[in-house]
Amino acid sequence: MAENVKKTKPIAFKAETQQLLDILINSIYSDKDVFLRELVSNASDAITKLNFVMLTDHDVLDADAAPEIRVKVDKDAKTLTVSDNGLGMTADEMKEYLGTIAHSGAKALLESAGKDQAKSINDLIGQFGVGFYAAFMVADSIDVISRSYKKDEPAALWHSDGAGTFTVGPAEREHRGTDIVIKLKEDAAEYADDFKIREIIRKHSNYIPYPIYLNEETEQINAANVIWRSSASELKDEDYKTFYQNFTMDFNEPLKRLHLSIDAPVQMYALLFIPVTAERNMFSLRKEDGLQLYARKVLIQDYCTDLLPRYYRFIQGVIDSEDIPLNVSRETMQANRVIVTLKKILTGKVTDMLKKWGTDDPEGYAKFWTSFGDFICEGIITEQDAKDPLTPLLRFHTMNHGTEWRSLSDYFQEMKPEQKKIYYVLGDNLETLRNSPHTEKLRKDGIDVLLLDKVYDPFVMTALQKYQDCEIVNAASEGDKKEEEKPAEDEDKENKESDKKEETPENKALTDLFAASLGDLVSAVRTTDRLVSSPARLVESEGAIPQEYQRIYKAMQQEYTAPKKVLELNPEHPLIQKVSGCQDEELRNQIIAQIYDDAMIMDGEAPDQVAMLERLQNLMLKLLN
């Protein structure tokens, strides 16, 4: 039949169509699999259009036929056929639809093609009705046999090898619909393989709303239903669990899911999951960050990273929208108005879900925070606009609540009536922080303290600065006398006076003794009333780089000279009182050095371990003697 049609008078393609064919036929585009996605999508559209016609006109050919799409391969003949029983076309419609690109905008788009061929192909496919022509990337020639839904219209055959012309003639087809028969190129023989076709359809067209069959099989190869477009009330937990496992190959039940159906300001379906851990197992099907992006049930990006902010990259799932163009590319994603709107909506919905989770199920949220708290902190540090919405999601260990995770709201609600600040301490170990000398007076006054042991915590505190008009401050650098409402300058003056304690002759002799023994190891020695059970602590000297920035420099591996610290002594501590009265100078200096090293350890610093061990051995020998 095709041979007879070839003898009919050839018809030249429109200039822009031929330009498109030249690009596709000579393409080095790597993802040629998309041609099948486009043909299956067109077949689905043809069935949908027929359904629309039949809303008002039931007098159509094969009115009772069940909708289906069938893909056939023939390795020997090197052909691939995509068939549907949709609307079909007449001979005149073939000339109109297959001989020219549907929209005038195509010409302008084609004029820019060729500068970046891979990008231009990606932009072209799926736009202006040109998806059909993508088949020429793998075809030596294409035959299209079609019969219209109109009973009186005969079948017709369209044939072209893409070389500038096509022919249209009569054909034999008993039933309504269209067959697209592709004679494959030598280097495209893989598309005559059953496994390859299954793989492409399950990746790109798995959720097409009509059954897709392979060869003469009776079992459809695409998903029977689209779970994210189903009503949540119709689904069971087991349905979500099965989908998640098939989607990710993660057999741990996800911590949380979010199923959305939104009609305005854009139309969108979404099904998102929070996994147990951010680490992917070796069998995971999801190898990269990003959500699967569908446009009208057709997969257009397997790993779309533009639908959620980077700090939510651990979330798995799918997004499907009727408003996304099939041709949306990675390069144009961020500028696409629909994508920008979808990202704003999704981000807000995820954040709201996490806030509610944290309030309604603190234990469940604690599991989430343990696995993904780092990502939330990253968002606060790196994205200024994210600080306010993400702050309620933060969780901390605190001095007064053991292993419990506490929010800033929890802390704020338990603040003392006279308390005006939120306190924290920085370090590398939770147990060390719980016993930090910086918190002793606060503990005595019943004031809680945030315990921050993560390398990024200084960045987070620097970004936050305040919560509910309460300043967030480092307990190591703040006064801890009971707070009253007083001018800031009075409070600062009182804190400085408190730092120094009353300079009695005894205290002066004590500080001079320690200063002489430690020499250049410290910038100064003074007494304080901030300590309760510890003999000493190290604090920053006036004008020094704050501890937060010192830890930031260290985390960023930036070179800087650590400033010398001030050693503060507790003159009421028995050890301090006894060492001041020790007449053995050698023993006294060793004890002072050990007190200094102990203060370093409690401050998160590492003393000279060899010198410290030798000193401790000498002290033990003296004790035994």
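Side-chain atoms are counted along with the backbone in the values below, which use heavy atoms only and exclude waters and symmetry mates. FYI, the numbering just counts along the sequence from 1.
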*asked:* Quiz question: by atom type and distance under 3.5 Å, do the side chains of Asn222 and Tyr207 form a donor-acceptor pair?
replied: no
_Less than 4.0 angstrom from a charged side-chain N to a carboxylate O is my criterion; do Asp289 and Arg280 meet it?_
yes
_Assess whether a salt bridge exists between Lys196 and Asp33, defined as any Lys/Arg side-chain N lying under 4.0 Å from an Asp/Glu carboxylate O._
yes
*Is it true that the side chains of Ser407 and Asp410 contain a donor and an acceptor less than 3.5 Å apart?*
yes
*asked:* For a side chain to side chain contact (heavy atoms under 4.5 Å, CB included) check, start with the C-alpha distance between Glu378 and Arg313, then their side-chain angles and the critical distance, and finish with the verdict.
replied: CA-CA 11 Å; Glu378 176 191 324; Arg313 63 187 178 277; 3.0 Å; yes
_Minimal non-hydrogen separation, Trp357 against Ile274, with atom names_ = CZ3-CD1, 4.0 Å
*Show your reasoning for whether ring pair (Phe, Tyr, Trp, His ring centres under 6.0 Å) applies to Trp405 and Phe396.*
CA-CA 5 Å; Trp405 287 107; Phe396 305 92; 8.2 Å; no
_Can you confirm if the aromatic rings of Phe35 and Tyr191 lie within a centre distance of less than 6.0 Å?_
yes
*Atom of Asp193, atom of Lys75 and distance for their closest heavy-atom approach*: OD1-NZ, 3.3 Å
*Do His259 and Tyr269 have side-chain N/O donor and acceptor atoms under 3.5 Å apart?*
no
*Using the salt bridge (Lys or Arg N to Asp or Glu O under 4.0 Å) rule, collect all pairs that involve residues 223-248, keeping only residues at least two apart or in two chains.*
Arg229-Asp320, Arg229-Glu322, Asp237-Arg257
_Set out, in order, the CA-CA distance, both residues' side-chain angles and the distance that settles salt bridge (charged side-chain N to carboxylate O under 4.0 Å, His left out) for Glu217 and Lys72, then state yes or no._
CA-CA 10 Å; Glu217 296 176 8; Lys72 298 180 181 179; over 6 Å; no
*Checking ring pair (Phe, Tyr, Trp, His ring centres under 6.0 Å) for the pair Phe375/Trp369: CA distance, chi angles, key distance, verdict?*
CA-CA 9 Å; Phe375 294 84; Trp369 182 258; over 10 Å; no
*His204: what forms a ring-ring contact (aromatic ring centres under 6.0 Å, His included) with it, not counting sequence neighbours?*
none
*Can you find a side-chain donor-acceptor pair between Asp302 and Gln292 that sits under 3.5 Å?*
yes
_Going by the rule salt bridge (charged side-chain N to carboxylate O under 4.0 Å, His left out), which residues pair with Glu174 if we only count those two or more places apart in sequence or in a different chain?_
none
*Would you name the heavy atoms of Pro389 and Lys355 that are closest together and state the gap between them?*
O-CE, 3.3 Å
_Closest non-hydrogen atom pair, Lys185 against Ala139_ = CE-O, 3.4 Å
*When you check the gap from the basic side-chain N to the acidic O, do Arg286 and Glu288 get nearer than 4.0 Å?*
no
*Kindly determine whether Phe314 and Ser371 satisfy side chain to side chain contact (heavy atoms under 4.5 Å, CB included), including the steps that lead there.*
CA-CA 10 Å; Phe314 56 86; Ser371 294; over 6 Å; no
*Residues two or more places apart in sequence or in another chain: which of them pass side chain to side chain donor-acceptor pair (under 3.5 Å) with Arg406?*
Glu404, Glu414
*With Tyr210, which residues qualify under ring-ring contact (aromatic ring centres under 6.0 Å, His included), at least two apart?*
none
_As an exercise, state the distance from NE2 of His58 to CG of Leu55, rounded to the nearest 0.5 Å._
7.5 Å
_Nearest heavy-atom neighbours spanning Pro275 and Tyr244_ = CB-OH, 3.2 Å
*asked:* On a heavy-atom basis, which atom in Gly379 and which in Ala386 lie closest, and how many Å separate them?
replied: O-CB, 3.9 Å
*Intermediate values then yes/no, side-chain hydrogen bond (donor to acceptor under 3.5 Å, both in side chains), Tyr312 and Thr351*: CA-CA 9 Å; Tyr312 282 153; Thr351 302; 2.8 Å; yes
Determine all donor-acceptor pairs shorter than 3.5 Å in which one atom belongs to a side chain in residues 340-349; sequence neighbours excluded.
unit_1 : atom_1 : unit_2 : atom_2 : d
Thr341 : OG1    : Arg337 : O      : 2.9
Thr347 : OG1    : Lys343 : O      : 2.7

*Would you call the rings of Phe273 and Tyr240 parallel, tilted or perpendicular, where under 30° means parallel and over 60° means perpendicular?*
perpendicular
*Take Leu157 and Val168 through the side chain to side chain contact (heavy atoms under 4.5 Å, CB included) test and state the conclusion after the steps.*
CA-CA 6 Å; Leu157 169 65; Val168 176; over 6 Å; no
*Can a donor-acceptor pair be found between the side chains of Thr359 and Tyr365 at a distance below 3.5 Å?*
no
*Are Asp179 and Ser83 close enough that a side-chain donor and a side-chain acceptor fall under 3.5 Å?*
yes
